[in-house]
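All values below come from the heavy atoms of this structure, side chains included, with hydrogens, waters and symmetry mates left out. Source: prediction; values computed, not measured. Just so you know, ligand 1 is whichever comes first in the structure, and atom 1 is the first atom listed for that ligand.
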Amino acid sequence: MAWDFETDPEYQEQLDWAREFVDAEVRPVDLLVETPYDVADPVRQALFPPLQERVRERGLWATHLGTELGGPGHGQLKLALLNEVLGRSKCAPSIFGCQAPDTGNGEILAHFGTEEQKQRYLGPLLRNDVVSSFSMTEPHGGSDPTAFKTRAEWDGQAWVLNGEKWFISNARFAAFQIVMAVTDPEAPPRERMSAFLLPSDTPGIRFLRHVELADEAPGAGTEGYISYEDVRLPADSMLGERGGGFEVAQYRLGGGRIHHAMRSVGLMDYVIETMLERAASRTTKGEALGRKQLVQEMIADSWAQLEQFRLLVLRTAWRIDKHQEYRAVRGDISAVKAVMPKVVLDIVSRAIQLHGSLGLTRDMPFFDMLVTGFTMGLADGPTEIHKLVVARELLKEIEPIDDLFPTEHIPRRQIEAERLYGQVVEQLADANRS
Ligand SMILES: Cc1cc2nc3c(=O)[nH]c(=O)nc-3n(C[C@H](O)[C@H](O)[C@H](O)COP(=O)(O)OP(=O)(O)OC[C@H]3O[C@@H](n4cnc5c(N)ncnc54)[C@H](O)[C@@H]3O)c2cc1C
């Protein structure tokens, strides 16, 4: 009997340490640095390394990485539990070496990179000496990757990259980008693109804008609107097969999606804590808010919604560990991704309401979290498409029946039941009559 909802005591001790460390020493850093990705920010550079060292000493640095990459190979379930702690803080994922999108980009480099690329980029990335970005979405539409136009053409000596990309997170801080570009426009739609490793100092990369998310300060936009103008890439910058860009992208997206979900569980746990404190402390009409039944409903709904989501996330993480690949659990990951924005938006909205006017101010963190909720419904693919994936994965297993009425049509089941047990029922009826 292998079902178990308890964490082994040794790892629980690690989680307890992480929780204390994050609350006492990492969350204060969130208030002092604009973004954990700006490796040129002197405040970040002064505060991060000593904290990262403490995490390394504790054996909790990049725990998802296998031993071949210098990690302990804890896998996804343990990472899920750790991410529940890290999700409480903007900087904690970087301080524990498991921040998006570097985790996924690192996985791509480890799997598809040449030895030289690994030495030059993977090592520094895994140490968080540099950060990276993933460049796929285009300004005319991100949901349909078969419509992307950015081209890489081989001119006999190099791949020449031309086109525009949109909403490329943290590209302004990145040492390299992984870029998806069309190399084979005549091939079937899903075999047209290839993935490239593009060092950020390559001539021809131009930022048209640093687009600001609604919760970012003016000038601090992290979403790159980028133009590639005759960017030259050597032959070995291609990652994976020519035309195999989708496969490379899928390699990272599975992890990216589930890791966001793990952190969202932690963030929402934190929000519920704030709701509980407020409900217990604020009074109206002579009693605590928490004694009002409609406030109790907000708390109960939030807790139950989060716990359902958490169980789905943990089960999905457990299934990834079991199958040792993301593709086998594609439907589960899409289900997690599809329900995540509603969980975040519902809980944060209730927290705002419960805190009254204060909830809407910058004195509390909730409004920015609404942006996070909507981001979860878009980044790494919109909710609608993930719902399609869930349904398709389920339908894939189903054989159509060759009958006008469904298998569960009650008149037919009645006949089958009578065929099976009719004699017994009749014997009982005869016995009752005599
Ligand atoms: C904060 C943030 C960070 C991001 N970071 C990155 C990054 O680092 N790199 C990167 O490449 N991209 C990134 N993205 C882009 C993200 O992948 C796209 O926003 C997403 O794929 C949707 O593309 P779009 O924004 O162009 O919306 P569109 O493609 O214009 O779609 C708009 C809406 O149309 C609906 N829709 C679209 N297709 C369907 C369909 N088939 N069925 C039903 N409804 C549909 C959905 O409601 C969708 O939200 C980021 C996005 C956000 C918000």
Side-chain angles (χ1 to χ4, degrees), residues 35-37 90 93 99-108 125 131-150 161 163-182 189-190 193-198 200 205 207-216 220-228 239 245-246 248-257 259-261 263-264 267 333-334 337-342 344-345 368-392:
T35 158
Y37 294 96
K90 169 175 84 174
Q99 71 286 359
D102 298 328
T103 42
N105 291 345
E107 282 183 81
I108 290 182
L125 186 72
V131 298
S132 63
S133 63
F134 186 74
S135 176
M136 181 156 110
T137 302
E138 301 194 357
H140 58 271
S143 301
D144 179 8
T146 61
F148 291 161
K149 298 191 265 198
T150 293
L161 187 65
E164 286 185 358
K165 295 286 182 180
W166 166 255
F167 249 73
I168 310 309
S169 299
N170 305 314
R172 67 189 298 181
F173 312 120
F176 68 90
Q177 306 173 5
I178 292 176
V179 183
M180 302 286 289
V182 175
R190 296 188 76 82
M193 286 204 293
S194 305
F196 293 91
L197 176 72
L198 171 61
S200 298
I205 304 174
F207 281 90
L208 300 174
R209 280 177 63 205
H210 298 296
V211 182
E212 288 149 17
L213 283 167
D215 61 344
E216 288 177 331
T222 51
E223 309 307 316
Y225 181 13
I226 302 175
S227 167
Y228 301 119
L239 296 163
F246 274 95
V248 175
Q250 285 309 322
Y251 208 80
R252 72 176 284 289
L253 285 170
R257 288 165 182 150
H259 297 166
H260 277 313
R263 289 185 288 264
S264 297
L267 189 64
I333 294 176
S334 279
K337 176 76 171 65
V339 296
M340 174 162 48
K342 183 159 165 51
V344 174
L345 290 171
D368 289 356
M369 290 180 194
L370 290 179
V371 178
T372 307
F374 284 108
T375 295
M376 293 303 133
L378 281 169
D380 296 340
T383 304
E384 290 83 349
I385 293 183
H386 286 288
K387 287 186 178 172
L388 302 184
V389 173
V390 176
R392 277 193 208 128

Enquirer: Is there any N or O on Asp144 that sits under 3.5 Å from an N or O of ligand 1?
Expert: no
Enquirer: For atom 17 (O) of ligand 1, grab the closest protein heavy atom and report residue, atom and distance to one decimal in Å.
Expert: Thr137 OG1, 3.4 Å
Enquirer: Would you say Ala379 has any N or O atom under 3.5 Å from an N or O of ligand 1, going by distance alone?
Expert: no
Enquirer: Ligand 1 and Ser143, any nitrogen or oxygen pair closer than 3.5 angstrom?
Expert: yes
Enquirer: For Met340 and Ser264, which heavy atoms make the closest approach, and how far apart are they?
Expert: SD-OG, 3.5 Å
Enquirer: Give the C-alpha distance, both sets of side-chain angles, the deciding distance and a yes or no for side chain to side chain contact (heavy atoms under 4.5 Å, CB included) between Leu198 and Ser135.
Expert: CA-CA 10 Å; Leu198 171 61; Ser135 176; over 6 Å; no
Enquirer: Looking only at distances, can you tell me whether any N or O atom of Glu138, backbone or side chain, sits closer than 3.5 Å to an N or O atom of ligand 1?
Expert: no
Enquirer: With only distance considered, is Phe167 within less than 3.5 Å of ligand 1 through an N or O on each side?
Expert: yes
Enquirer: So, for Pro36 and Lys90, which heavy atoms are closest and what is the spacing to 0.1 Å?
Expert: CG-O, 3.7 Å
Enquirer: Please determine if Lys165 forms a cation-pi arrangement with Phe134, meaning its NZ or CZ atom is less than 6.0 Å from the six-membered ring centre and no more than 45° off the ring axis.
Expert: no
Enquirer: Against ligand 1, does Met180 come closer than 4.0 Å with any heavy atom?
Expert: no
Enquirer: May I ask you to identify the nearest protein heavy atom to atom 30 (O) of ligand 1, giving residue, atom name and distance to one decimal place in Å?
Expert: Gly141 CA, 4.5 Å
Enquirer: Please check if a non-hydrogen protein atom sits closer than 4.0 Å to atom 43 (C) of ligand 1.
Expert: yes
Enquirer: Indicate the atoms forming the closest heavy-atom contact of Ser200 with Ala174, along with that distance.
Expert: OG-O, 2.7 Å
Enquirer: If you look at every heavy atom in His386 and Ser334, which pair is closest and at what distance?
Expert: ND1-OG, 2.9 Å
Enquirer: Tell me which one of Thr222, Val179, Leu378 gets a heavy atom nearest to atom 20 (C) of ligand 1.
Expert: Leu378
Enquirer: Number the atoms of ligand 1 from 1 as they appear, then name those within less than 4.0 Å of a heavy atom of Asp380, with their elements.
Expert: 17 (O)
Enquirer: Does atom 34 (O) of ligand 1 have a protein non-hydrogen atom under 4.0 Å from it?
Expert: no
Enquirer: Please write down residue, atom name and distance for the protein heavy atom closest to atom 3 (C) of ligand 1.
Expert: Ser169 OG, 3.3 Å
Enquirer: What closest approach, in Å, do Tyr225 and Glu164 show between heavy atoms, and which atom pair accounts for it?
Expert: OH-OE1, 3.0 Å
Enquirer: Please report which non-hydrogen protein atom sits nearest to atom 23 (O) of ligand 1, along with the residue it belongs to and the distance in Å to one decimal place.
Expert: Gly142 CA, 3.2 Å
Enquirer: Mind checking the OG-CZ spacing from Ser132 to Phe173? Nearest 0.5 Å is all I need.
Expert: 13.0 Å
Enquirer: Between Phe196 and Val248, does the side chain to side chain contact (heavy atoms under 4.5 Å, CB included) criterion hold? Intermediate values first, please.
Expert: CA-CA 10 Å; Phe196 293 91; Val248 175; over 6 Å; no
Enquirer: State, with a plain yes or no, whether a side-chain heavy atom of Gln177 is found less than 4.5 Å away from one of Ile205.
Expert: yes
Enquirer: Looking only at protein heavy atoms, identify the closest one to atom 48 (C) of ligand 1 and say how far it is in Å.
Expert: Pro382 CB, 3.8 Å
Enquirer: Given side chain to side chain contact (heavy atoms under 4.5 Å, CB included), test Thr222 with Tyr37 step by step and report yes or no.
Expert: CA-CA 9 Å; Thr222 51; Tyr37 294 96; over 6 Å; no
Enquirer: What protein heavy atom is closest to atom 46 (C) of ligand 1, reported as residue, atom name and distance in Å?
Expert: Glu384 OE1, 3.3 Å
Enquirer: What heavy-atom pair brings Met180 and Ala195 nearest, and what distance separates the two atoms?
Expert: SD-CB, 3.9 Å
Enquirer: Is at least one protein non-hydrogen atom found at under 4.0 angstrom from atom 25 (O) of ligand 1?
Expert: no
Enquirer: Below 3.5 Å, N or O to N or O, backbone or side chain included: is there any such pair between Ile385 and ligand 1?
Expert: no
Enquirer: Answer side chain, backbone, both or neither: which part of Glu223 comes under 4.0 Å from ligand 1, heavy atoms only.
Expert: side chain
Enquirer: Find out whether Val389 and Lys337 are in side-chain contact, i.e. whether some heavy atom of one side chain is under 4.5 Å from a heavy atom of the other.
Expert: no
Enquirer: Considering non-hydrogen atoms of the protein only, which is the closest contact for atom 1 (C) of ligand 1, and what is the distance?
Expert: Thr375 CG2, 3.3 Å
Enquirer: What is the closest protein heavy atom to atom 9 (N) of ligand 1, and at what distance does it sit?
Expert: Phe134 O, 2.7 Å
